[in-house]
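What follows is a single structure, written as structure tokens, with notes after it.
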Amino acid sequence: MRVATLMGPDCLPMKRSKNIIVTVLLALAAALLYSRTVTYDFVYYDDVRVLRDHPEVFDHDSLSDAAKAIFMQNLPREEPLLLRDVSWALDSMIWGFGNPVGYHLGNVLLHALVVALAFTFLRVATGRPRFALATTCVYLILGVHVEPLAWIMGRKDLMSAVFMLLALITQDFRLRSKSIRAAACSYVLTFLCLLAGLFSKISVLSFPGVLFAHAALAPYLRGDADSSSAPDWRRLVRVEVPLLVPMLCLIGVVFVWYKGIVTEMGVLDRGYTAAGIEHLWNLLRMNPMVWVLYLKQILVPSPSGLTVFYNWPSLPAVSSAAMTAASGAVLALLAGTAVYLYRRRKDLLFFFIGFFILMIPYMNLIYSAIWAADRYLYFSSLFLLCLFMDLCMRGLQKRGAVRIATAVLLSVSVLLNLVTNLTYQTKWRDGETLWRHHVGMANSSWMAYRNLGAWYYEAACSNPSEAPVLLRKMEVVVDAGIERFWPDRERVPSPAVPPLLLLKAIVQEMTGRLAGAVETLLLADMFKPDDQTTQTNLAMLYWKMAVQAGEEPGGELGRKALARYERYIELAFGSYDALPERVRLRYEEFKKLANNPEQ
């Protein structure tokens with residue numbers, strides 16, 4: 001009898017062993033799917049600007065030196081994500097600072113861990129192992145995950161997802177625990193995971209709302225309570241609200257600290273000026289269209305539809321009466337869905353409201369610049385997918401046309417995601433493949449032309465033997481971008497054109513056409529006056545032209561060079577009192593060239 005019991009289907013050791021095997025296999029499948037990204041390069045975007053251009057932060061021989069640089073010596077900086085930065089420093093120490101292998105490998109391993117934790121949470125929270133397995137299998141192949149996996153900058157999305165899932169798992173243990181001591185330890189671990197998540201990605205600010213929703217709806221998720229019954233509001237007010245307060249205090253402190261740093265760095269200044277009622281009206285029109293786009297990207301993606309830059313939805317696009325009506329219809333549908341789920345399916349209500357709580361930091365409530373991005377969906381897509389997979393699993397239990405339609409819908413979604421994933425991965429191999437992909441898109445952004453041109457420029461500087469060919473490619477790309485975004489030369493160009501003109505001037509300078517480079521920069525200066533880069537480049541060009549012409553100190557070119565450099569100093573530093581040593585020495589050289597040492 002004892003042997004039969006041990007070998008029976010309800011045997012806990014066997015269940016645990018099976019769950020461990022399934023979890024490991026899911027993690028291995030996730031790692032294998034993205035294994036080729038380990039060999040990928042930097043893509044010459046934020047991974048260069050935030051990571052590779054800052055050896056003073058990440059390139060250290062010991063962890064203590066790295067921690068000192070990250071936590072003390074190099075603040076403020078644009079992205080003060082302390083734990084994310086520590087992980088990069090560890091990659092740098094193991095693999096070498098300029099070697100992208102370590103950073104990509106870290107992303108792949110973290111994604112494997114996320115998949116394992118997602119399966120674990122869904123299994124223990126719902127008590128539905130088949131549902132957890134099916135949902136996780138689809139989750140690990142989603143096409144929208146390619147960007148945060150293949151892009152080194154996606155580390156923050158991966159790490160924050162790890163800590164949020166760990167927080168949900170430890171909270172689920174607390175809610176089941178009969179021991180006060182075990183519950184207290186679980187709460188402390190949940191709190192620490194929240195803190196770690198905040199220092200991995202600041203969007204974790206809204207996550208306490210997900211934890212509260214989980215605490216309120218956990219009995220329905222497990223099937224311990226009927227959806228027609230009301231939540232235990234007394235327990236929530238007596239127990240969960242007091243436990244939520246320390247988390248909200250932590251959120252407030254971190255938010256004030258982080259906002260102060262990014263404000264000082266000028267990150268929040270993106271040219272968006274709407275405020276008050278106007279801003280609220282923009283949010284009501286824009287965000288519903290963003291959610292529609294996200295649903296499409298999760299369920300029916302395409303390789304040509306995924307992009308780092310989304311030109312739609314945009315404010316002009318949703319300003320029409322039709323788009324406004326569409327946004328209103330989406331809001332009404334969401335409100336009706338929420339009411340239905342509250343009354344009939346409180347287990348699914350957690351995933352429904354959890355998605356929108358996670359998306360709060362991306363709704364542009366304060367910072368209005370990027371309305372939609374694939375990377376925003378890395379963790380939150382799990383919640384939408386849970387709703388979709390529950391619908392599919394119930395449809396497959398039906399008979400006739402409903403079952404066939406459900407099978408077709410699920411198969412198409414899985415196939416599209418797998419093909420999109422495998423195809424889109426290849427675009428992230430390096431800067432050239434990624435930005436050529438974006439330049440070739442129907443609604444390509446000017447930033448794709450700029451980034452591809454900048455990639456060719458750096459490649460030319462690194463490979464002198466291939467520089468002529470690379471510079472020619474750079475000029476072709478830049479000229480194509482200028483032609484696309486400034487087709488009518490009789491009109492004032494869009495803001496996209498001056499940055500492209502800067503790149504064109506660089507090509508002209510590197511190929512010896514200094515006069516043409518000056519003419520191009522003066523054109524850029526006319527359309528975007530007082531740009532710091534334009535001023536410094538003009539100063540250096542006038543300097544080179546003066547040297548080539550053998551001009552004596554005090555000549556016209558020397559005076560122009562000094563005037564431009566002085567304008568750069570005014571724009572960048574405001575005064576001459578506390579110039580960096582590098583700038584001060586260069587300024588002295590310009591004054592000598594202009595024969596004006598007393599100025």
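For clarity, every value in this text was computed on a predicted model and none was experimentally measured. Just so you know, these numbers use all the heavy atoms, side chains as well, and skip hydrogens, waters and symmetry mates.
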Can you label the angle between the Trp151 ring and the Tyr45 ring as parallel, tilted or perpendicular, going by 30° and 60°? parallel
Between the main-chain N or O of Gly558 and the side-chain N or O of Glu551, is there a donor-acceptor pair closer than 3.5 Å? yes
Thinking salt bridges, do Arg52 and Asp59 make one under a 4.0 Å N-O criterion? no
For the pair Asp157 and Lys201, find out whether any cationic side-chain nitrogen is under 4.0 Å from an anionic carboxylate oxygen. yes
Does Lys591 pair with Glu588 as a salt bridge, N-O distance under 4.0 Å? yes
Test side chain to side chain donor-acceptor pair (under 3.5 Å) on Glu509 and Asn537; report intermediate values, then the result. CA-CA 10 Å; Glu509 178 185 357; Asn537 286 7; 5.8 Å; no
Please name all residues satisfying salt bridge (charged side-chain N to carboxylate O under 4.0 Å, His left out) with Lys156, sequence neighbours left out, ordered by chain then number. Glu79
Output, in order, the C-alpha distance, side-chain angles, deciding distance and verdict of side chain to side chain donor-acceptor pair (under 3.5 Å) for Ser62 and Asp65. CA-CA 5 Å; Ser62 69; Asp65 290 340; 3.0 Å; yes
Flag for His438-Ser445: side-chain donor and acceptor within less than 3.5 Å: no
Take atom CZ in Arg472; do more than 12 heavy atoms of anything else shown fall under 6.0 Å from it? no
With rounding to the nearest 0.5 Å, note down the distance linking CG in Asp430 to CD in Glu432. 6.0 Å
For Tyr378 and Glu147, does a side-chain donor sit closer than 3.5 Å to a side-chain acceptor? no
Quick one: closest heavy-atom pair of Val318 and Pro313, and the distance? CG1-CB, 4.2 Å
Side-chain H-bond candidate by donor/acceptor type, Gln297 with Tyr310, under 3.5 Å: yes
Establish, yes or no, whether a centroid distance under 6.0 Å links the rings of Phe485 and Trp446. no
Verdict with supporting geometry, Tyr587 and Tyr576, ring-ring contact (aromatic ring centres under 6.0 Å, His included): CA-CA 10 Å; Tyr587 180 46; Tyr576 298 85; 5.4 Å; yes
Keeping Tyr568 on the side-chain end and Phe573 on the backbone end, is there a donor-acceptor pair under 3.5 Å? no
For His145 and Ser381, does a side-chain donor sit closer than 3.5 Å to a side-chain acceptor? yes
How close do Tyr294 and Ala373 get, heavy atom to heavy atom, and via which atoms? OH-N, 3.0 Å
Could you walk me through whether Asp531 and Arg567 pass the salt bridge (Lys or Arg N to Asp or Glu O under 4.0 Å) test, one step at a time? CA-CA 10 Å; Asp531 179 77; Arg567 184 58 184 149; over 6 Å; no
Anything under 30° is parallel, anything over 60° is perpendicular, the rest tilted; go ahead and classify Tyr424 against Trp428. perpendicular
Is there a salt bridge (Lys or Arg N to Asp or Glu O under 4.0 Å) between Glu581 and Arg584? Walk through the geometry before answering. CA-CA 5 Å; Glu581 183 68 11; Arg584 187 186 64 78; 2.7 Å; yes
Mind running side chain to side chain donor-acceptor pair (under 3.5 Å) on Gln425 and Asn421 for me, showing each step along the way? CA-CA 6 Å; Gln425 275 190 47; Asn421 189 304; 2.7 Å; yes
Enclosure of Arg436 CZ (heavy-atom neighbours >12, cutoff 6.0 Å): no
Verify the distance criterion only: is there a donor paired with an acceptor across the side chains of Tyr362 and Ser203 at less than 3.5 Å? yes
Output, in order, the C-alpha distance, side-chain angles, deciding distance and verdict of side chain to side chain donor-acceptor pair (under 3.5 Å) for Gln535 and Arg564. CA-CA 5 Å; Gln535 304 308 316; Arg564 290 291 179 175; 3.0 Å; yes
Looking just at side-chain N and O atoms, do Arg285 and Asn282 make a donor-acceptor pair shorter than 3.5 Å? yes
CZ (Arg484) and OH (Tyr449) are apart, to the nearest 0.5 Å, by 4.5 Å
Residues Glu556 and Arg559 bridged, charged N to O under 4.0 Å: no
